[in-house]
Amino acid sequence: MAAPSALLVMGVSGSGKSSVGALLASELGWKFYDADDYHPEGNRVKMSSGIPLDDQDRIPWLCKLHDILLRDTTSGQPVVLACSALKKMYRDILIGGKDSNSQKSAESGKEEESAEVKLLVVYLSGSSEVIAERLCKRKGHFMSPNLLQSQFDTLEPPSAPENFIQISVDKTLSEIITTIMEKIKPRIFSSQ
């Protein structure tokens, strides 16, 4: 497999995606995006009101993120994206765009393949107790802590054949970054 040109730092709200993603991007010298910055206002209002987002809310947002990843990576700019990406379908959209879940037609298959982002998923995992405690300490975020259970209910952890590593959030931030760097360096720099 070719070396990834983008890292997706994923997990439920409160798992540390933004902090980990920003530090990883700084460590690697890559561009950083926080998917929360790209939610439309309607999504923000729903989440701050304690209403979980559904696929109709998320898919246009994920397509916009795919376009950003594709634009940067095809121009040679590697990227770190912090995004919940709770379902495999959501991760597939980040990799392949809107039509990544539909059956590819023979004439468009080649075009769609070239529009894929080479993505390595960094899955931040932790118990609901640990993450709930972290969420309660977080101030000024639009995501209501009451939505945590809906995030765990939606979560489809990455599994083979997805290109991923799993990291426990039961460590300090610096330990998490060190562990991730040890695991991703061989994958990122293998073909450069």
Side-chain angles (χ1 to χ4, degrees), residues 6-26 31-72 79-101 117 119-159 162 164 166-171 173 176-177 180:
L7 292 177
L8 166 64
V9 181
M10 67 149 293
V12 298
S13 185
S15 60
K17 298 180 297 291
S18 299
S19 300
V20 169
L23 282 172
L24 274 178
S26 176
K31 194 165 187 177
F32 174 68
Y33 290 102
D34 190 328
D36 285 346
D37 296 339
Y38 296 88
H39 269 299
E41 188 58 30
N43 286 7
R44 291 172 182 264
V45 168
K46 277 182 92 168
M47 289 185 286
S48 61
S49 300
I51 302 167
L53 299 180
D54 59 24
D55 288 353
Q56 281 189 311
D57 299 316
R58 288 187 177 109
I59 289 174
W61 169 67
L62 292 164
C63 289
K64 182 176 187 173
L65 294 169
H66 163 76
D67 292 345
I68 291 167
L69 291 174
L70 189 62
R71 178 197 68 210
D72 282 10
V79 175
V80 176
L81 172 68
C83 179
S84 53
L86 298 174
K87 291 183 181 180
K88 183 181 185 311
M89 176 182 88
Y90 303 161
R91 298 186 293 274
D92 288 345
I93 292 171
L94 289 172
I95 292 168
K98 185 176 184 179
D99 298 324
S100 61
N101 284 317
V117 176
L119 192 69
L120 172 60
V121 176
V122 177
Y123 169 43
L124 301 178
S125 64
S127 70
S128 58
E129 295 79 23
V130 166
I131 293 175
E133 184 179 318
R134 294 171 104 180
L135 267 180
C136 289
K137 293 177 184 174
R138 189 162 73 174
K139 303 286 183 237
H141 194 274
F142 58 82
M143 176 72 170
S144 168
N146 300 335
L147 292 178
L148 182 58
Q149 189 54 53
S150 74
Q151 294 243 310
F152 274 104
D153 293 345
T154 303
L155 178 64
E156 296 171 5
S159 61
E162 288 183 87
F164 77 98
Q166 183 171 338
I167 306 293
S168 171
V169 297
D170 259 352
K171 301 174 181 165
L173 188 55
I176 290 170
I177 298 298
I180 293 171

Problem set entry | Chi angles and distances behind the side chain to side chain contact (heavy atoms under 4.5 Å, CB included) call for Leu65, Tyr90 | CA-CA 11 Å; Leu65 294 169; Tyr90 303 161; over 6 Å; no
For this session: Show your reasoning for whether side chain to side chain contact (heavy atoms under 4.5 Å, CB included) applies to Asp55 and Lys87.
Result: CA-CA 10 Å; Asp55 288 353; Lys87 291 183 181 180; 3.3 Å; yes
Problem set entry | Step-by-step side chain to side chain contact (heavy atoms under 4.5 Å, CB included) determination, Lys17 to Asp36 | CA-CA 10 Å; Lys17 298 180 297 291; Asp36 285 346; 5.9 Å; no
For this session: Go through the steps to decide whether Val117 and Leu94 satisfy the test side chain to side chain contact (heavy atoms under 4.5 Å, CB included), and finish with yes or no.
Result: CA-CA 7 Å; Val117 176; Leu94 289 172; over 6 Å; no
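Closest of all the heavy-atom pairs between Ala25 and Phe32 is CB-CB, 3.5 Å. Taking each heavy atom of Pro158 and Val121 in turn, the nearest pair found is CG-CG1, 4.0 Å. Contact record, Ser150 with Thr154: O-OG1, 2.9 Å, taken as the closest heavy-atom pair.
For the atom pair CZ of Arg58 and CE of Met89, the computed distance is 9.0 Å after rounding to the nearest 0.5 Å. Atom NZ of residue Lys31 and atom CG of residue Leu69 lie 11.0 Å apart, to the nearest 0.5 angstrom. One distance of note links CZ of Arg44 with CG of Asp37; it measures 6.5 Å at 0.5 Å rounding. Remark: Leu86 CG to Ser13 OG distance equals 9.0 Å, nearest 0.5 Å. In this structure, CD on Glu162 lies 11.0 Å from CG on Leu120, to the nearest 0.5 angstrom. Summarising the geometry, atom CG belonging to Leu7 is positioned 6.5 Å from atom CG belonging to Leu24; distances are rounded to the nearest 0.5 Å.
With sequence neighbours left out, the side chain to side chain contact (heavy atoms under 4.5 Å, CB included) criterion links Glu129 to Ser127. Residues forming a side chain to side chain contact (heavy atoms under 4.5 Å, CB included) with Asp67 (at least two apart in sequence, or on another chain): none.
Judged by distance alone, with hydrogens and angles left aside, the side-chain atoms of Ser19 form no donor-acceptor pair with the main-chain N or O of Gly16 at under 3.5 Å. For the pair Glu156 (side chain) and Lys88 (backbone), a donor-acceptor distance under 3.5 Å is present. Distance alone, capped at 3.5 Å, is enough to place a donor-acceptor pair between the Asn43 side chain and the Asp57 backbone.
In Lys171, the NZ atom is crowded: over 12 heavy atoms of neighbouring residues, nucleotides or ligands sit closer than 6.0 Å.
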